[in-house]
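A quick write-up on the structure given underneath.
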Amino acid sequence: MTARYITTPIYYLNGTPHLGHVYTTVAADVLARYWRLTGADVMFLTGTDDHGQKVAQAAHEAGESPQAYTDRLSIVWREMSDRVNASYDVFIRTTEERHYKAAQTLWEKLEAAGFIYRDVYAGWYALRDEAYVEEADIVDGKAPSGAPVVWVEEPSFFFKLSAFQKPLLDYYEAHPDAIGPVGRRNEVISFIKGGLRDLSISRSKFDWGVPVPGHPGHVMYVWIDALTNYITALGYPDTHTEDFKKFWPESIHLMGKDIIRFHAVYWPALLMGAGLTPPKRIMAHGWWTNRNEKMSKSVGNVIDPFQLIDTYGLDPVRYFLMREVPFGQDGDFSEPALIGRLNSDLANDLGNLTQRVLSFVHKNAGACIPTPGEFTPEDRELLAKAAHLHETLHDDMAVQAFHAYCQHIWEVIGEANRYVDAQKPWSLRKSEDPADHTRMNTVLYVLMEVIRHAAIYAQPVMPSSTGTILDQLAQADRTFEGLKTPLKAGVFLPEPSPVFPRIEVRLR
Ligand code: ME8
């Protein structure tokens, strides 16, 4: 059986969730739901990154101990996942006992293999990014991300990252799909080709982290501990658990492009050093910006996703996030764009089509799925387009092209809208000729078959609204497999009601 392990980054607890975080979580959820519908065995992991200096500082500012603060904030983040209807299987926290064990064992393996040595780190550190910054990369006294830097000088353990330049290049050469999109892959490869410096992997000036085994006074650099979460959740250090055997390395790590280097350089090197296989795919999406500036907790220019959800509904917001911006590219958030998209794609294209067809059937075709007559070439063409979605959508999901996934479904919905206008079932109804009535039934049947396909394929993106459409179509089997069996005629339908209301914008 196909296995898919889908992960979001674990989020820092230095603030509350904004639209950017919701974006990654929703994308991961869409992927998880899609693969489940194909019949694959799926594990979807998300959670929180409880450690590090940034989080300790946030706790301090809140006047709480790091433990109490992270206990409180972690719930807020978990609620975010629930509010966006993320179907996660595991919500992990890096303060869990099992995670300490995993991170410490990984460390011990690396140490035993000779990849860790003790020295002194003297250099720049960007607290906001929890990242070491090279002197050469500092622009106007700041990290390339714009984050302020501070000088850090402390005894530290180092990981021999430099030893992994060739193994990483060989790995990426042999696995061209391991990093997406292609532009990011090229960036990572040229970064590795530029030479890798050993990485400081412990901090000794504060203690909010996983203790370094056997070396009191040191805690792990937060990224080392954080990355390990992906295998903690599978049972590591036990590599013989059912989950580990099934899901490692069948992973798709989703994240924003800000943290691709940690995932595509450090993480595979750490795994290789510990004798484990690198993740199968690392997929980086772009940034949501607000007036062209990256939305960020630390910058404070964030869009509140919950306000949007309260105003427009969860599924419409999920759809907008997935459809509006090609996954991998940046997108500037604007409420008019959101409203435009919801009115055109949801209220007009899918909503109207469904409502028109179902209420017509309710009034004029005995409120049940009509029995079709002979199909015309136009009918066959439209039915074939719906049936062919299967392969197209599979290809889209294989590369996490969520925008294309939606676009392809909506192309067929557009065809169905053109078809209904051309076939005019309302005129056929008025005719005295019984052949026209049969034709009307055929047209309605074809339309309902297309709506069934669209709703079933759109489930990963809008689980609840598509559920309502499928209820109105009286469809119990909502699997992709079920689409291989043609829509059954003669089934009674409940009274329809509109699923996607039009958003009226009041002029101020
Ligand atoms: O980096 N647009 O956590 P984090 C799109 N703890 N996505 C955005 C975004 C934006 N403006 N802002 C944030 C960390 N994100 C580490 C991860 S993983 C082992 C450790 C999303 O709380 C995006 O997915 O800073 C980004 O990668 C993530 O939030 C960063 O979350």
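All ligand and atom numbering here is 1-based and tracks the order in the structure. The basis for the numbers below is simple: all heavy atoms, side chains too, and nothing from hydrogens, waters or symmetry mates.
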Would you mind running through ligand 1 and noting each atom that sits below 4.0 Å from a heavy atom of Pro9? 17 (C), 18 (S), 24 (O), 27 (O)
Using heavy-atom distances, let me know which of Gly331, Ala284, Gly256, Ala131 sits nearest atom 27 (O) of ligand 1. Gly256
So is there a nitrogen or oxygen of Asn229 less than 3.5 Å from a nitrogen or oxygen in ligand 1? no
Describe, in one word, how the ring planes of Tyr266 and Phe262 are oriented to each other, choosing from parallel (under 30°), tilted (30 to 60°) and perpendicular (over 60°). perpendicular
Per-atom filter on ligand 1: closer than 4.0 angstrom to a heavy atom of His18 are 9 (C), 12 (N), 13 (C)
Can the positive tip of Arg4 be found less than 6.0 Å from the middle of the six-membered ring of Phe247, inside 45° of the ring normal? no
With nothing but distance in play, are any N or O atoms of Trp288 less than 3.5 Å from an N or O of ligand 1? yes
Can you confirm whether Asp207 is buried at CG, in the sense that more than 12 heavy atoms of other residues, nucleotides or ligands lie under 6.0 Å from that atom? no
Under 30°, 30 to 60°, or over 60°: which ring-plane class applies to Tyr405 and Tyr34, parallel, tilted or perpendicular? perpendicular
Just jot down the ligand 1 atoms closer than 4.0 angstrom to any heavy atom of Asp49, in number order. 6 (N), 16 (C), 20 (C)
Any idea which atoms of ligand 1 are less than 4.0 Å away from a heavy-atom of Ile259? 1 (O), 17 (C), 27 (O)
Heavy-atom contacts with Gly286 under 4.0 Å: which atoms of ligand 1 show up? List them by number with element. 5 (C)
Tyr121 and Ser200 have their tightest heavy-atom pair at CD1-CB, 3.9 Å
With heavy atoms only and a cut-off of under 4.0 Å, state how Glu130 meets ligand 1: side chain, backbone, both or neither. neither
Ligand 1 atoms in contact with Thr24 (distance to a heavy atom under 4.0 Å): 21 (C), 23 (C), 24 (O)
Does ligand 1 come near enough to Ile10 that some N or O of the ligand is less than 3.5 Å from an N or O of the residue? yes
Lys294 heavy atoms within 4.0 Å reach ligand 1 at atoms 11 (N), 12 (N)
Strictly under 4.0 Å, does any heavy atom of Tyr230 approach an atom of ligand 1? yes
Answer yes or no on whether Lys294 is positioned over the face of Trp288, meaning its NZ or CZ is under 6.0 Å from the six-membered ring centre and within 45° of the axis. no
Does Arg83 count as lying over the ring of Phe306, i.e. NZ or CZ under 6.0 Å from the six-ring centre, within 45 degrees of the axis? yes
Verdict with supporting geometry, Asp198 and Lys160, salt bridge (Lys or Arg N to Asp or Glu O under 4.0 Å): CA-CA 5 Å; Asp198 291 350; Lys160 280 191 195 166; over 6 Å; no
Tell me which part of Trp223 gets within contact of ligand 1: side chain, backbone, both or neither, using heavy atoms under 4.0 Å. side chain
Taking the six-membered ring of Tyr125 (Phe, Tyr or Trp), confirm whether the NZ or CZ of Arg203 is under 6.0 Å from its centre and within 45° of its axis. yes
Closest heavy-atom approach to atom 3 (O) of ligand 1 among Tyr23, Phe262, Tyr12 is made by Tyr12
Is ligand 1 less than 4.0 angstrom away from at least one heavy atom of His285? yes
CZ/Arg197: more than 12 non-hydrogen atoms of other groups inside 6.0 Å: no
Where ligand 1 meets Ala226 - atom numbers and elements under 4.0 angstrom, heavy-atom basis: 19 (C)
Whether over 12 other heavy atoms sit under 6.0 Å from Lys257 NZ: yes
Side chain, backbone, both or neither: Asn14 near ligand 1, heavy atoms under 4.0 Å: neither
